[in-house]
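Structure record follows, encoded as structure tokens.
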2 protein chains.
Amino acid sequence: MKPILQSPLLDRRFLLSSMATLSLLAVALRSPLAQAQVQAQAQRDPLPSWNEGATKAAIIDFVARVTTQDGPTFVPIEQRIATFDNDGTLWVEQPMYVQLAFALDRVKALAPMHLEWKEKQPFAAVLEGDLKAVAASGEKGLAELVAVTHAGMTTAEFEKIVVDWLATARDRRFQRPYTELVYQPMLELLAYLRVNGFKTFIVSGGGIEFMRPWTARIYGVPPEQVVGSSIKTRFEMRDSTPVLFRLPEVNFIDDKAGKPIGINEHIGRRPIAAFGNSDGDLEMLQWTTLGASGARFGLIVHHTDAEREYAYDRHSNFGRLDVALDAATVNRWTVVDMKKDWKRIFAFD
Amino acid sequence: MKPILQSPLLDRRFLLSSMATLSLLAVALRSPLAQAQVQAQAQRDPLPSWNEGATKAAIIDFVARVTTQDGPTFVPIEQRIATFDNDGTLWVEQPMYVQLAFALDRVKALAPMHLEWKEKQPFAAVLEGDLKAVAASGEKGLAELVAVTHAGMTTAEFEKIVVDWLATARDRRFQRPYTELVYQPMLELLAYLRVNGFKTFIVSGGGIEFMRPWTARIYGVPPEQVVGSSIKTRFEMRDSTPVLFRLPEVNFIDDKAGKPIGINEHIGRRPIAAFGNSDGDLEMLQWTTLGASGARFGLIVHHTDAEREYAYDRHSNFGRLDVALDAATVNRWTVVDMKKDWKRIFAFD
């Protein structure tokens, strides 16, 4: 039985990854993602930001089992599908989801054109920085915020708004662009899986079009491998130019039971590995690991490090981890103790 | 300026295709797809089933323009997205869509358990083979047919039903399995594009889960690169086993203006080449070719060969080609004259 890493010529995704790494190196030699990919190729320690222990061993053992040719749990390359939640699994989700910070900033940016917002909820609350009042506006308030910040423009216009915002917005605590608040151990894990023939997907409750403009650069995940929540769009011809216009109407919520549904719709086969951090990922982990033959891997990132990042689980407003934490024990999913298992959290640590 | 085919080592999708071909050869050396892929690799004539002429020249010219490095219309590999309609573009859609034949056969297979269908429309019409009466039952009738033939089972059960049916069903005219009624020139085109770094997607009005079980084997297009119409599913845990249960409720219709919407949702970027054959493909071709900078390619398969296949356009019940045929002239899309442009239609010709 020969691990596939020793026969790279037989492995088209290995080659794909190698070439991807080379071309990536050329343009972004020093990016955290490039570093992670170089490390993954090096084959000595593909996960240098992970401390030695049961968690790291479980990951490496799983990858060895599915890539060992002629082994009893070998998985053909085309079936090596891995899905990753985004908020709290790949990047920081405290003190609020990044996309919510984006929406609040958009309201502030648009406010000069909407003087009536000073006396209209939930906008007044946003402008006053009163997050409790924003939350109190409930689903109806949230829908209004989404409508004015995420709809009413073409898909191309929205992409530009997202890219421009990410270029200047900074997280308050870390004073960094949000795209630097990605977990270095998870970048290494993504790269490690890809080098071993996995196709990596993001499956997030976040907006699919909020993520796609930057996931290739930051995570190495191209737009067509991003699954997320969406609003409806309308196709229009404007002076012989086709556009997709974003409507203030929910199309799909890719959270909880929506995750297996989104996975089925976009990917069309069951993943063999899934990575999450909250109750929103429970059904994705069930769909990936239960009632299926062959090797399966489920992992939950448990935020236990208030010093370097955040510590939260059962009572958090964002990324609550309660039922899924109990399910992890029952189903033998691997639970990352961030404080103990991660040598460093961010590339800038 | 050097065509990318002369520097394959720089081209990760070229490598991917090469490896895919090699592994495919190992398992299916003599399949039509494998033959097409070998031919595409050979670099002499990658499109042997296409007659010489303006149509073939337009295809080859487009591919050369987007793959010529340092050329003015070079397109980076990750942006080489090509979308293909299925019915009438990749396989036969006359005398009716294959999926409709499937639905009618399913009604017949299920009829012994539904004696009441003998007196209930549209089922009675199906059982009597009265297609006009089926059509007369309208959208409501069609929805009832879809409900009993496509819903009420898990996704895994539906996949098995489709695979089993395709293994035994035969087209009446050609007396062949439907999966042999695929156009050899289009298989060659798919392979030729992939060898040149394109990622090929199917974007069909047909059911996404009706296509996915066989598109990898027949077209070389994996499940995650298939976009289609869908019904809603519900996630359920059954005795600790997760299932997705298919509901009798439309989720998405991937036709006409739905095609750019589906492309945006699944792929997240605009194709640079699109291939269709009917008015249902008009908006996909617009979205692909109009108002975008750089080289773009639109192609319509015009069915002009009643002898070897079928001849139909503006007045056909299935695959009507009317507005899109006029639009092809205006927008300079390439129109395949099947009779003139295709040396052979099927692999068995």
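Just so we're on the same page: letters track the sequence lines, and every chain starts at 1.
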Between A:Phe235 and B:Trp287, what is the ring plane arrangement, given parallel below 30°, perpendicular above 60°, and tilted in between? perpendicular

In terms of heavy-atom pairs under 4.5 Å with chain A, the winner among B:Val227, B:Thr233, B:Thr241 is B:Thr233

Most chain A-contacting option - heavy-atom pairs closer than 4.5 Å, from B:Pro260, B:Gly258, B:Pro222: B:Pro260

[X] versus chain B, the contacting section by heavy-atom distance below 4.5 Å:
X: A:Gln225; answer: side chain
X: A:Phe252; answer: neither
X: A:Val243; answer: backbone

From [X] atom [atom1] to [Y] atom [atom2], the distance as rounded to the nearest 0.5 Å:
X: B:Ile267; Y: A:Arg212; atom1: CD1; atom2: CZ; value: 9.0 Å
X: B:Glu283; Y: A:Glu236; atom1: CD; atom2: CD; value: 12.5 Å
X: B:Glu209; Y: A:Glu265; atom1: CD; atom2: CD; value: 9.0 Å

Identify the two heavy atoms, one from [X] and one from [Y], that lie closest to each other, and give their separation to 0.1 Å.
X: A:Ile261; Y: B:Leu244; answer: CG1-CD2, 3.7 Å
X: A:Ser240; Y: B:Leu290; answer: O-CB, 3.8 Å
X: B:Asn264; Y: A:Thr155; answer: ND2-CG2, 3.8 Å
X: A:Gly291; Y: B:Pro242; answer: N-CD, 4.5 Å
X: B:Pro223; Y: A:Gly268; answer: CB-O, 4.1 Å

Heavy-atom distance under 4.5 Å between the side chains of A:Lys199 and B:Glu224, does that happen here? yes

For B:Arg270, which atoms come within 4.5 Å of any heavy atom of chain A: side chain, backbone, both, or neither? side chain

Counting only heavy atoms closer than 4.5 Å, note whether B:Asn251 contacts chain A via side chain, backbone, both or neither. side chain

